[in-house]
Every structure is written in C-alpha cells, then in structure tokens.
Amino acid sequence: MNPLRSLILAAADNDVIRRTVATAPVSRDVVRRFVAGETVADAIEVTRQLVDSGLTVTLDHLGEDTTDADLADQTVRAYLELLDALYAEGLAAGAEVSVKLTAVGQLLDEQLALTNAARICAAAEQCGTTVTLDMEDHTTTDSTLRVLAELRRTWPSVGAVLQAYLHRTVGDCARLAGTGSRVRLCKGAYAEPAEVAYQDMHEVNLSYVRCVNTLLAGDGYPMFATHDPRLVPIVDARAEAHGRKPGGFEFQMLYGIRPEEQRRLAALGHTVRVYVPYGVQWYGYLMRRLAERPANTAFFLRALVSR
Ligand code: FAD
C-alpha cells in the first residue's frame, strides 16, 4: 500500500491525532466539501439540491465503532429522525439510507446490531425507501453478511456492499447476485493485510472488473460505486454487453467527488446515487477520503494554514 495512504489511515485510528484534528478550528468549507453538515436540516438541504438536479442519494449518519449500547440506540434514533424528515419533505423516493453496523452495536453483540438495523429497515419501509448496509473492515464482513441475510428475510431490498480489494469478493458477488438483491460494489476503503486483500491497485482494479461481470451476469440490481475514470466506461460497456439498460443498474459516487461526472452520467439517462454523509463525527470519514487521494490532503492542509 502507498505509504502516505497507510499513514493517513493510521492517523484515522489514532486517538491523539483524532482529538487534535477534530477540535482544530478547521474551516467549515473544508469539511463541507465532503460532508453535508452536522444536522438533519443540513442533510435535507443537500439532498434536495441533488435530487432537484436529477441525482439520487444515499444518506449516512456519520459514526462507527460504537461499543456502548446507548450510543448505538442514539444512532438508530438519528436514522429514524432522518427518515421522518425525508418522508415529510417528500424526498424518500429519491433518497435511501446507508448504515454502518458498527455504529448500531455490531462490535458489542451481533444480535443487538441486527435488532437495531431492523428498526431502521422497518422505518425506511414505512417511509417508502430502502437501506444499504455499508461494509467496514474485513473482521466484520462475515457478521455483516449474516445480518444482511436475516434482514432480507423481511426486507428483501436491503442492500449490501462488497469490496473488490478482498480476495473473497468475487465469490460473495456470485452468492449475492440473485433476484431482488441490491449490491454496491466498491474498491474498499480500509487498510487491510495481504492475507485477505490485494495490495496492488492494478490487482484491485482487475478484481473490480471480475466482480462487475459477475454481478451483471446475475439477476440482481448492481450499484457500481467508483469515481475511477477508467472503470466508469468499462462498467458502462460491460452493462451494455450484458443487455442492461440504464435503470437496470446504477452508478454511485461520494458527495463532493467528481460532481461534474455525476451530472454527466445522469444526463445520459443513468441512475446516479450520491453518498451523502452528515453528522458531527466526520473525522474518520474525512481521513479515509484524504487517504484515497494525496491531492485532497494537500487541499485540506492548504485550507488549514490559509484560514
Ligand atoms: P480510486 O482508485 O481511489 O480513484 C480513482 C480516481 O477517482 C482518482 O484518480 C480520482 O480521479 C478519483 N477519486 C477517487 N477518490 C477521490 C477522492 N477522495 N477525491 C477526489 N477524487 C477522487 N468503501 C468501503 O470500504 N465500504 C463502503 O461501504 C463504501 N461505500 C461507498 C459508497 C460509495 C457510493 C462510494 C463511491 C464509495 C464507497 N466506499 C466504500 C469507498 C470505496 O471503497 C473507495 O475507497 C473510494 O470510492 C475510492 O475508490 P475509487 O473506486 O473511486 O477509485
């Protein structure tokens, strides 16, 4: 792995650095490039702008790695409040929610995470929208897929995320490519060991394309999450070769990254979903985005010193 990427991902887990950066007087504009804001109102405002411009949205209430049942409950309540607001504002048709199981108790007890995720799924169904379970580091993959399988018994539309950097993922794609499934394919954002994950970006890209083909060959609804200018046209061409029309799959990108490409794809008739994070716990999310691209780190540091 690129040494700068490893360093930034290590910083994401370091409590001292976390406290220093999170309490530094970081310009709101810097964080706001990637995060909608801290409140539900901020999330709704950004969602409305995106939906009005022809995009769809998945909203993430920021937070992860909770080992406290009360905090997990607070996260569930935050999602319920968000879903109510989406419904009240008439935005539920264009916006779903993404949930990290570690934020709703997975590290404490898988059953608690299942119960909490089910509360969110039930509320999403009532509001007329869906839920996708984000995928976190590889130690949680089996547990997340077990919880997914349980949730899908009641809510078949609950979406999964698979990470192309893991050796196992092409097999997981084949297992999850059945009718009714929704699978988001991404490269993967965590620092993973060579025993479980490809370390070379070229290998990750090859794995991504194998997974694209596997998902497109199935009967599910694939959601291709990438900003990679080489992969987007490959996905498009492979989808056409598999007879998928726009609407039979979707592109997904992160809020603040390649917005002009998001609009270009939407203008071609593709469904494009923007992943919009919001909330006070933006630190871990921001560090992963910085790790993906050194230019972002330079942008962040420049903004800090030029305040
Ligand atoms: P990269 O090889 O990282 O980037 C290719 C090119 O894309 C870059 O050269 C640049 O032009 C552009 N680009 C990429 N990232 C940035 C950036 N940060 N800023 C500016 N330009 C950039 N990961 C998980 O592990 N679990 C998840 O649940 C998860 N959910 C995701 C949901 C969505 C909708 C998206 C888009 C990503 C998600 N990710 C998730 C993150 C993903 O795994 C990658 O870390 C991230 O998308 C970067 O990979 P990439 O495919 O864009 O390619």
Side-chain angles (χ1 to χ4, degrees), residues 1-2 4-5 8-9 12 30-31 33-36 50 55-62 64-65 95-103 106 131-141 144-145 148 158-166 168-169 172 182-192 196-209 211-212 222-235 249-262 265 271-277 284-300:
M1 184 186 289
N2 169 316
L4 179 60
R5 179 158 189 258
I8 299 171
L9 286 174
V30 178
V31 179
R33 178 179 164 192
F34 298 109
V35 175
L50 292 168
L55 300 163
T56 59
V57 169
T58 184
L59 280 153
D60 167 33
H61 178 262
L62 288 166
E64 49 201 278
D65 293 357
E96 61 143 40
V97 296
S98 284
V99 176
K100 283 188 173 45
L101 288 181
T102 66
Q106 187 179 34
V131 176
T132 295
L133 300 183
D134 281 347
M135 192 58 88
E136 302 176 66
D137 77 69
H138 79 279
T139 62
T140 64
T141 308
T144 299
L145 293 180
L148 173 85
V158 176
V161 178
L162 296 176
Q163 299 151 317
Y165 64 14
L166 294 183
R168 60 179 286 169
T169 293
D172 288 334
R182 293 164 66 246
V183 177
R184 174 195 302 158
L185 179 66
C186 65
K187 288 188 187 177
Y190 296 80
E192 297 288 18
V196 298
Y198 300 109
Q199 305 294 303
D200 176 30
M201 196 40 102
H202 182 61
E203 291 289 332
V204 176
N205 291 339
L206 290 176
S207 170
Y208 194 99
V209 175
C211 293
V212 166
M223 308 182 282
F224 297 112
T226 183
H227 316 93
D228 193 326
R230 286 158 307 170
L231 285 179
V232 168
I234 291 175
V235 168
F249 67 101
E250 71 185 42
F251 286 105
Q252 297 193 344
M253 295 193 190
L254 302 174
Y255 179 61
I257 301 184
R258 304 197 71 201
E260 67 302 329
E261 176 68 356
Q262 297 169 13
L265 290 167
T271 302
V272 180
R273 192 171 298 278
V274 183
Y275 185 104
V276 178
Y285 179 86
L286 185 70
M287 294 306 262
R288 283 197 294 279
R289 299 297 74 81
L290 297 185
E292 275 153 18
R293 204 171 177 231
N296 286 341
T297 313
F299 167 83
F300 181 69

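Note that the coordinates shown come from a computational prediction; the quantities given were computed from them, not determined experimentally. Every number for a ligand or one of its atoms is a count from 1 in the order of the listing. Only heavy atoms go into these numbers, but all of them, side chains included; no hydrogens, no water, no symmetry mates.
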Candidate pair M201 and D228, rule side-chain contact (heavy atoms from CB on, under 4.5 Å), full reasoning: CA-CA 12 Å; M201 196 40 102; D228 193 326; over 6 Å; no
Is [X] reaching over with its side chain to a backbone N or O of [Y], donor-acceptor style, under 3.5 angstrom?
| X | Y | answer |
| --- | --- | --- |
| S98 | D60 | no |
| E192 | Q199 | no |
| Y255 | V57 | no |
| T56 | V272 | yes |

Ligand-residue contact atoms, ligand 1 with [X], heavy atoms, under 4.0 Å:
| X | value |
| --- | --- |
| D134 | 28 (O) |
| R184 | 28 (O), 30 (N), 31 (C), 32 (C) |
| R289 | 18 (N), 41 (C) |
| G188 | 25 (O), 42 (C), 43 (O), 45 (O) |
| A225 | 33 (C), 34 (C), 35 (C), 36 (C) |
| Y275 | 32 (C), 34 (C) |

Note: R184-D134 ion pair, threshold 4.0 Å (strictly below):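 Yes, this pair counts.
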Would you mind telling me if ligand 1 is within reach of the side chain of [X], the backbone, both or neither, using heavy atoms under 4.0 Å?
| X | answer |
| --- | --- |
| M253 | backbone |
| Q163 | side chain |
| P229 | side chain |
| T226 | both |

With nothing but distance in play, are any N or O atoms of [X] less than 3.5 Å from an N or O of ligand 1?
| X | answer |
| --- | --- |
| Y190 | no |
| I257 | no |
| V161 | no |
| K187 | yes |
| Q252 | no |

Parallel, tilted or perpendicular, as decided by the 30° and 60° cut-offs, for the rings of Y275 and Y285: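 Parallel.
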Non-hydrogen side-chain atoms of R258 and P229 separated by less than 4.5 Å: yes
Derivation and outcome, side-chain contact (heavy atoms from CB on, under 4.5 Å), residues V212 and I234: CA-CA 9 Å; V212 166; I234 291 175; 5.8 Å; no
Side-chain H-bond candidate by donor/acceptor type, T144 with E136, under 3.5 Å: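 Not at all, the side chains of T144 and E136 share no donor-acceptor pair under 3.5 Å.
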Nearest neighbour of atom 35 (C) of ligand 1 from the list L166, L286, L254, L162, on a heavy-atom basis: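 Considering heavy atoms of L166, L286, L254, L162, the nearest to atom 35 (C) of ligand 1 sits in L254.
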